[in-house]
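Here is the structure we will look at, set down as structure tokens.
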Protein chains: 2
Amino acid sequence: METAWDDQLRTAGLRVTRPRLSVLGVLAEHPHVDADTIATAARAVHPSISPQAVYGVLKALTGAGLARRIEPAGGPALYELRVGDNHHHLVCRGCGTVADVDCVVGQAPCLTPSDAAGFAVDEAEVVFWGLCADCQVRRSQHGYGSNTAIGEGVGA
Amino acid sequence: METAWDDQLRTAGLRVTRPRLSVLGVLAEHPHVDADTIATAARAVHPSISPQAVYGVLKALTGAGLARRIEPAGGPALYELRVGDNHHHLVCRGCGTVADVDCVVGQAPCLTPSDAAGFAVDEAEVVFWGLCADCQVRRSQHGYGSNTAIGEGVGA
DNA sequence: CGTCTTCTTTTGACTGAGTCAAATCAACGG
DNA sequence: CCGTTGATTTGACTCAGTCAAAAGAAGACG
């Protein structure tokens with residue numbers, strides 16, 4: 001489940017290329033990262049990779065169902081490899097850290113809206129906002145003035 | 001509850017100005033609109049209002065708790081006047097239309113994550129994705145090729 | 001009613017995230 | 001090994017939103 005990316009790509013009908021393997025490698029190490037961080041990290045493995053190539057790779061991966069794109073309000077899009085299970089996210093208002101929350105389909109009562117207003121709902125997206133453990137400590141130590149903007153520390 | 005905006009603004013410690021009243025008027029008519037649409041619509045009432053003024057007004061309104069900002073993935077931010085109640089949104093993948101879904105606090109079982117991973121959660125944001133009634137009809141009439149990009153029709 | 005202070009708006013330049021298209025390059029099937 | 005087809009590079013571009021300085025208006029005070 002870690003070096004079988006060759007097969008995963010091929011099975012999805014995608015060619016196996018250095019940029020794609022690099023991006024997959026980065027995503028495996030960092031569960032929730034933005035495109036820019038991926039580009040920087042991937043360049044450590046494959047120096048000549050361009051930012052646009054990363055966008056291309058990510059579009060191919062999300063299109064093929066190998067990666068998932070999440071877009072927390074107020075920050076750039078993040079990507080993760082966990083696909084297929086309907087899980088949700090905890091986002092820290094302090095440092096932008098994202099954690100996964102399991103939420104099995106069919107076991108989530110409020111994921112069926114009380115009044116769907118005629119909509120055919122096919123997905124429910126849930127984002128929990130709060131402070132991670134570290135930021136709670138940091139805030140109580142330094143007082144209340146030390147708000148860090150969301151996104152600053154994402155995956156960096 | 002409609003022409004008392006003067007009071008609402010003043011109570012919030014904000015000055016009563018033409019741009020602000022125009023924006024509030026637009027928001028009252030269109031429940032979920034993006035900044036650009038607000039600017040265009042507000043210009044019908046107050047022609048000299050600039051796009052940047054709209055951003056300023058919206059920042060003031062959201063800061064004062066008179067408006068709420070929502071940011072659906074893949075589209076520009078939308079604004080609404082419904083504040084104070086914890087309601088969520090249905091977004092149409094076809095036309096970008098947004099509808100409100102009531103979800104009273106304390107009555108939403110899955111809004112407390114099973115494993116909060118040490119996070120102090122203060123808000124749960126839920127977005128339901130699907131097709132609105134109109135787009136369901138439109139899709140079955142015209143076949144499957146007529147996907148409209150999200151956001152195109154928002155409030156316009 | 002007029003003046004003065006302070007908050008708003010305007011104007012205009014700027015950033016950051018992401019897209020698009022043409023040309024070059026590489027994967028992989030034969 | 002070669003050719004086809006898909007991927008990456010390069011570079012220009014769009015869109016949403018921010019920032020800062022200057023001009024303007026709201027409302028308090030006399």
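Residue numbers begin at 1 in each chain, while the letters A, B, ... track the order of the sequences.
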Just by distance, do the side chain of B/Glu71 and the backbone of A/Glu71 share a donor-acceptor pair under 3.5 Å?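 No; zero donor-acceptor contacts below 3.5 Å.
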Gap separating the [atom1] atom of [X] from the [atom2] atom of [Y], nearest 0.5 angstrom:
X        : Y        : atom1 : atom2 : value
B/Leu131 : B/Leu90  : CG    : CG    : 11.5 Å
B/Tyr79  : B/Leu27  : OH    : CG    : 9.5 Å
A/His89  : B/Glu125 : NE2   : CD    : 13.0 Å
A/Leu81  : A/Arg68  : CG    : CZ    : 12.0 Å
A/Asp6   : A/Thr11  : CG    : OG1   : 10.0 Å
A/His30  : A/Leu78  : NE2   : CG    : 13.0 Å

When you compare the side chain of B/Val26 with that of B/Thr37, does any pair of heavy atoms fall below 4.5 Å?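 Side-chain contact under 4.5 Å: no.
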Nearest-Å distance, [atom1] ([X]) to [atom2] ([N])?
X       : N      : atom1 : atom2 : result
A/Glu71 : D/dC15 : CD    : C1'   : 14 Å
B/Asp34 : D/dC15 : CG    : P     : 13 Å
B/Leu9  : C/dT8  : CG    : P     : 10 Å
B/Tyr55 : C/dG12 : OH    : P     : 18 Å
B/Arg69 : D/dT18 : CZ    : C1'   : 11 Å

side-chain contact (heavy atoms from CB on, under 4.5 Å) between B/Leu58 and B/Arg69, intermediate numbers included: CA-CA 9 Å; B/Leu58 290 171; B/Arg69 175 184 179 137; over 6 Å; no
Of residues 41-54 of chain A, the positions that come close to DNA chain D - non-hydrogen atoms, cut-off under 4.0 Å: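 Only A/Ser48, A/Ile49, A/Ser50, A/Gln52, A/Ala53 qualify.
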Heavy atom of residues 11-25 of chain B under 4.0 Å from DNA chain D: which residues?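 Close to the strand are B/Arg15, B/Val16.
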Find the bend of the helix from C/dC1-D/dG30 to C/dG30-D/dC1 as the angle between its two terminal axes (five pairs each), to the nearest 10°.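 Inter-axis angle at the termini of the helix from C/dC1-D/dG30 to C/dG30-D/dC1: 30°.
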I'd like to know if A/Leu21 and A/Tyr55 are part of one continuous hydrophobic network [Ile/Leu/Val/Met/Phe/Trp/Tyr, side-chain heavy atoms within less than 4.5 Å].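 Different clusters: A/Tyr55 never reaches A/Leu21 through Ile, Leu, Val, Met, Phe, Trp or Tyr contacts under 4.5 Å.
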What do you reckon, is CZ of B/Arg18 surrounded by more than 12 foreign heavy atoms closer than 6.0 Å?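 At most 12 heavy atoms, drawn from other residues, nucleotides or ligands, come within 6.0 Å of this atom.
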Please work out if B/Ala77 contacts a base, only the sugar-phosphate, or nothing of the nucleic acid, heavy-atom cut-off 4.0 Å.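 Answer is sugar-phosphate: B/Ala77 comes under 4.0 Å of backbone atoms only.
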